[in-house]
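The structure appears below as structure tokens.
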Amino acid sequence: MAALVTRLCRVPGTAAGPLRLLRAGPAHPAAALAVPPHGAPGPPLGLGLGLGLGWEAGSGRRPLSFSAAGLVSSAPGPLQPYLRLMRLDKPIGTWLLYLPCTWSIGLAAEPGCFPDWYMLSLFGTGAVLMRGAGCTINDMWDRDYDKKVLRTANRPIAVGDISTFQSFVFLGGQLSLALCVLLCLNYYSIALGAASLSLVITYPLMKRITYWPQLVLGLTFNWGALLGWSAIKGSCDWSVCLPLYFSGVMWTLIYDTIYAHQDKKDDMVIGVKSTALRFNENTKQWLSGFSVAMLVGLSVAGINCDQTFLYYTAVATISAHLAHQIYTLDIHKPEDCWKKFTSNRTVGLLLFIGIVTGNLRKRKNPKEMNAINPDI
């Protein structure tokens, strides 16, 4: 038992920045054994969709805690490459995929009520599976690129731990399970969810042909902003869903542009394009514009679904968070880009809390109350 606990708590750090969101792979073995320098970021916070973990930057000591990376490293040897392929050891991407779903589900809740917990759980499962499938597709497309870059050279497919055929079979299994989750929804949502598959498949190709792959990632990662509402209501109210979806896309452009600045040197070497390379020294101006657009979209969505002051308080807090994030960002320091990138999970959680608390302040529709109690 002592050996198991020791193994679970041994979470390798890395002095290098993380890899791109859907391209993120395990650290190079040599880097994994090194103690990160002072100020270098540790592993992403969060265990899947639930438990957080502690990490002491700048020291070799780890607190006694369960981590996503630790649990993956404690899995049976033959299983570990598949878990790393779907990035279970790096849950930040799953959070960023899941949170737009929670916004939509929260906004669709009845006035004065909490969000549908069953739907939140269902979409959480779907986020894990679809993020994993997206990573698998990405690594299949990029296997030749990954072999040429030190930080990606030991990804499971690139290093040969998983063959191309095995990755196809594994991808089929993930998509099959995701389909089972999708089939739990109504027919409208099933069709809407199936429509996103083309984005999941083609996104990895975009960085080869355009400097705006982050835009395509935004269209992909925020599909849940449409799907969550339709899962609750049976169809989309476009006056709410479109502004929410638009805000999510702008949000992705913010955090993934910041993320891409960590990889810009490698991207130039291997011929990969990104908004980081497109914006270069003008990045902060672009990020400021995306932030304003995001906040306008959130305000429009709130107005169209009669949100209360608590919702707008959360939006104002997000505005301050983004302003600080952009103002203090140093695009030439990968560790700072990583820190700012991961802080966007806080942005998503703040909005979800604002939606839930704002909705609880709403008064129930008088017509619905009369239907429940005819004596009123």
Side-chain angles (χ1 to χ4, degrees), residues 21-22 46-50 68 79 82-83 85-88 91 93-110 113-141 162 165-204 216-238 240-242 244-245 248-249 252 305 348 352 355-356:
L21 189 62
L22 289 181
L47 170 55
L49 296 176
L79 186 61
Y82 293 95
L83 299 181
L85 180 60
M86 64 186 300
R87 311 295 195 268
L88 283 188
T94 304
W95 274 106
L96 296 175
L97 177 62
Y98 176 56
L99 284 165
C101 305
T102 69
W103 305 342
S104 191
I105 292 170
L107 286 174
E110 293 299 323
C113 298
F114 283 101
D116 188 320
W117 297 109
Y118 171 72
M119 283 297 175
L120 288 175
S121 301
L122 199 65
F123 274 75
T125 303
V128 173
L129 292 169
M130 287 307 299
R131 196 263 179 135
C135 291
T136 302
I137 293 170
N138 191 84
D139 284 9
M140 290 167 64
W141 282 118
I162 299 176
F165 175 75
Q166 289 172 322
S167 63
F168 267 114
V169 173
F170 185 55
L171 175 63
Q174 291 175 94
L175 293 177
S176 297
L177 291 174
L179 177 61
C180 292
V181 173
L182 188 62
L183 292 176
C184 295
L185 308 180
N186 54 62
Y187 290 124
Y188 184 99
S189 299
I190 291 172
L192 185 63
S196 68
L197 188 59
S198 60
L199 289 171
V200 175
I201 294 173
T202 59
Y203 159 69
V216 182
L217 179 66
L219 296 173
T220 307
F221 254 53
N222 294 280
W223 203 260
L226 307 176
L227 195 57
W229 183 284
S230 70
I232 300 296
K233 299 290 191 180
S235 63
C236 285
D237 181 345
W238 298 109
V240 176
C241 293
L242 280 182
L244 187 67
Y245 182 58
V249 174
T252 301
C305 63
F352 178 62
I355 290 171
V356 173

Sub-4.5 Å side-chain heavy-atom contact between [X] and [Y]:
| X | Y | value |
| --- | --- | --- |
| Tyr98 | Leu120 | yes |
| Tyr203 | Ile137 | no |
| Leu219 | Thr252 | no |
| Tyr245 | Pro100 | no |
| Trp117 | Ile105 | no |
| Pro115 | Val356 | yes |
| Leu122 | Thr125 | no |

Testing the basics here: between [X] and [Y], what is the closest heavy-atom pair and its distance to 0.1 Å?
| X | Y | answer |
| --- | --- | --- |
| Ala225 | Cys241 | O-SG, 4.2 Å |
| Ser230 | Asn186 | O-ND2, 2.9 Å |
| Cys305 | Val240 | CB-CG2, 3.9 Å |
| Leu192 | Cys236 | CD2-SG, 4.0 Å |
| Ala231 | Leu185 | CB-CD2, 4.0 Å |
| Pro204 | Trp141 | CB-CD1, 3.5 Å |

May I have the list of side-chain donor-acceptor pairs in residues 167-184 shorter than 3.5 Å, sequence neighbours left out?
| unit_1 | atom_1 | unit_2 | atom_2 | d |
| --- | --- | --- | --- | --- |
| Ser167 | OG | Ser163 | O | 3.4 |
| Ser167 | OG | Thr164 | O | 2.6 |
| Gln174 | OE1 | Ala133 | N | 3.1 |
| Gln174 | NE2 | Thr136 | OG1 | 3.0 |
| Ser176 | OG | Gly172 | O | 2.7 |

Quick one: [atom1] on [X] to [atom2] on [Y], what's the gap to the nearest 0.5 Å?
| X | Y | atom1 | atom2 | answer |
| --- | --- | --- | --- | --- |
| Leu129 | Arg131 | CG | CZ | 12.5 Å |
| Lys233 | Leu107 | NZ | CG | 10.0 Å |
| Leu226 | Leu242 | CG | CG | 7.0 Å |
| Leu244 | Ile355 | CG | CD1 | 6.5 Å |

Apply ring-ring contact (aromatic ring centres under 6.0 Å, His included) to Trp229 and list each qualifying residue two or more places apart in sequence or on a separate chain. none

Under the criterion side-chain contact (heavy atoms from CB on, under 4.5 Å), I'd like the reasoning laid out for Ile162 against Tyr82: C-alpha separation, chi angles, the key distance, then a yes or no. CA-CA 8 Å; Ile162 299 176; Tyr82 293 95; 3.8 Å; yes

For a side-chain contact (heavy atoms from CB on, under 4.5 Å) check, start with the C-alpha distance between Phe123 and Asp116, then their side-chain angles and the critical distance, and finish with the verdict. CA-CA 11 Å; Phe123 274 75; Asp116 188 320; over 6 Å; no

side-chain contact (heavy atoms from CB on, under 4.5 Å) between Leu97 and Thr220: does it pass, once the steps are laid out? CA-CA 9 Å; Leu97 177 62; Thr220 307; over 6 Å; no

In a table with atom names and distances, give each donor-acceptor pair under 3.5 Å that connects a side chain of residues 194-202 to protein atoms at least two apart or in another chain.
| unit_1 | atom_1 | unit_2 | atom_2 | d |
| --- | --- | --- | --- | --- |
| Ser196 | OG | Gly193 | O | 2.7 |
| Ser198 | OG | Ala195 | O | 3.3 |
| Thr202 | OG1 | Ser198 | O | 2.8 |

